[in-house]
Amino acid sequence: MIKKLNFSEDSILSAALILQKESYEVEAGLIGSRNIPPLHETAEQLGESDEKFIGYYHKNILAGFIAVEEETPYLRISRLVVSPEYFRRGIGKTL
């Protein structure tokens, strides 16, 4: 199921932050650097973002999400995050 994420709900914000950190840790290992800003983001920073977040749920578990920013006349995907547990299942492509 795909739905908009509401970060005013602490449980959703917390799940997204954990997922983001897990996903970017894998990327950091691949590129050999932890210099990835979302890897160091706090819950407060994530919750205050102007981006719009859309999540992918698998059996009521947040398995991935994208963030988009409106840049008229386009939308820019600013984040694409998938839980390492759900890698290579087409979630990124679906989002």
Side-chain angles (χ1 to χ4, degrees):
M1 173 188 344
I2 295 175
K3 65 181 182 179
K4 185 176 178 185
L5 299 180
N6 180 359
F7 286 167
S8 66
E9 293 183 37
D10 287 341
S11 62
I12 294 173
L13 176 59
S14 177
L17 183 64
I18 290 167
L19 179 61
Q20 177 171 281
K21 289 187 183 287
E22 290 174 347
S23 179
Y24 283 113
E25 282 290 352
V26 172
E27 184 173 348
L30 292 171
I31 66 172
S33 173
R34 297 190 81 248
N35 192 21
I36 303 171
L39 187 56
H40 306 287
E41 200 167 38
T42 66
E44 183 177 310
Q45 290 168 322
L46 183 60
E48 291 176 351
S49 172
D50 290 333
E51 299 159 290
K52 291 182 171 74
F53 293 85
I54 301 158
Y56 180 100
Y57 284 84
H58 177 75
K59 297 183 180 180
N60 294 321
I61 296 171
L62 182 62
F65 67 85
I66 61 170
V68 296
E69 295 175 305
E70 293 183 42
E71 293 182 359
T72 306
Y74 306 102
L75 283 180
R76 182 175 75 87
I77 297 173
S78 51
R79 304 173 200 232
L80 174 59
V81 176
V82 177
S83 168
E85 184 177 338
Y86 293 96
F87 280 1
R88 307 192 64 69
R89 295 190 192 184
I91 292 172
K93 183 177 180 179
T94 300
L95 285 166

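Fair warning: this is a prediction, and the values are worked out from it, not measured in the lab. Here, residue 1 is the first one in the sequence, and each next residue gets the next number.
- I31 contributes atom CD1, which lies 4.0 Å from atom CD1 of I36 (distance to the nearest 0.5 angstrom).
- Salt bridge present: R34 and E25 bring a charged side-chain N and a carboxylate O closer than 4.0 Å.
- T42 OG1 to E48 CD: the interatomic distance, rounded to the nearest 0.5 Å, is 7.5 Å.
- What you find for N35 and S33 is that their closest heavy atoms are N-OG, 3.1 Å.
- Using a distance-only test at 3.5 Å, with no hydrogens or angles considered, no donor-acceptor pair links the side chain of K52 to the main chain of I66.
- In the hydrophobic clustering of ILVMFWY residues, with side-chain heavy atoms under 4.5 Å counting as a link, V68 and L95 come out together.
- Taking a 6.0 Å sphere around CD1 of I77, one finds it holds 12 or fewer heavy atoms contributed by other residues, nucleotides or ligands.
- Listed for the T94 side chain is a donor-acceptor partner under 3.5 Å among the backbone atoms of G90.
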Problem set entry | Working for side chain to side chain contact (heavy atoms under 4.5 Å, CB included), residues R79 and S23 | CA-CA 11 Å; R79 304 173 200 232; S23 179; over 6 Å; no

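- There is no path of hydrophobic side-chain contacts, each under 4.5 Å, that joins Y56 to F7.
- Under a cut-off of 6.0 angstrom, the local environment of CZ in R88 is sparse, with at most 12 non-hydrogen atoms contributed by other residues, nucleotides or ligands.
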Problem set entry | side chain to side chain contact (heavy atoms under 4.5 Å, CB included) between L46 and F53, intermediate numbers included | CA-CA 10 Å; L46 183 60; F53 293 85; 3.7 Å; yes

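- Side chains of K3 and I54 form no contact here, defined as non-hydrogen atoms less than 4.5 Å apart.
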For this session: For the pair E85 and E22, evaluate side chain to side chain contact (heavy atoms under 4.5 Å, CB included) and give the outcome as yes or no after the intermediate values.
Result: CA-CA 10 Å; E85 184 177 338; E22 290 174 347; over 6 Å; no

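- Residues L13 and I61 fall into different hydrophobic clusters, defined by Ile, Leu, Val, Met, Phe, Trp and Tyr side chains chained together at heavy-atom separations under 4.5 Å.
- Counting heavy atoms from C-beta on, the side chains of V81 and Y24 come closer than 4.5 Å.
- Residue pairs meeting the ring-ring contact (aromatic ring centres under 6.0 Å, His included) criterion with at least one partner in residues 66-92, sequence neighbours excluded, are H58-Y86.
- Scanning both residues, A63 and I91, for their nearest heavy atoms gives CB-CD1, 3.8 Å.
- Atoms CG and NZ, on L80 and K93 in that order, are 13.5 Å from each other to the nearest 0.5 Å.
- Of all heavy-atom pairs spanning G92 and V82, the tightest one is N-CG2, 4.0 Å.
- Between A67 and E51 the shortest heavy-atom distance is CB-OE2, 3.6 Å.
- Other residues, nucleotides and ligands place more than 12 heavy atoms under 6.0 Å from the CD atom of E71.
- Residues Q20 and F65 are in side-chain contact: their nearest non-hydrogen atoms beyond the backbone lie under 4.5 Å apart.
- For the side-chain contact (heavy atoms from CB on, under 4.5 Å) with S14, the qualifying choice from D10, I12, I18 is I18, the only one to do so.
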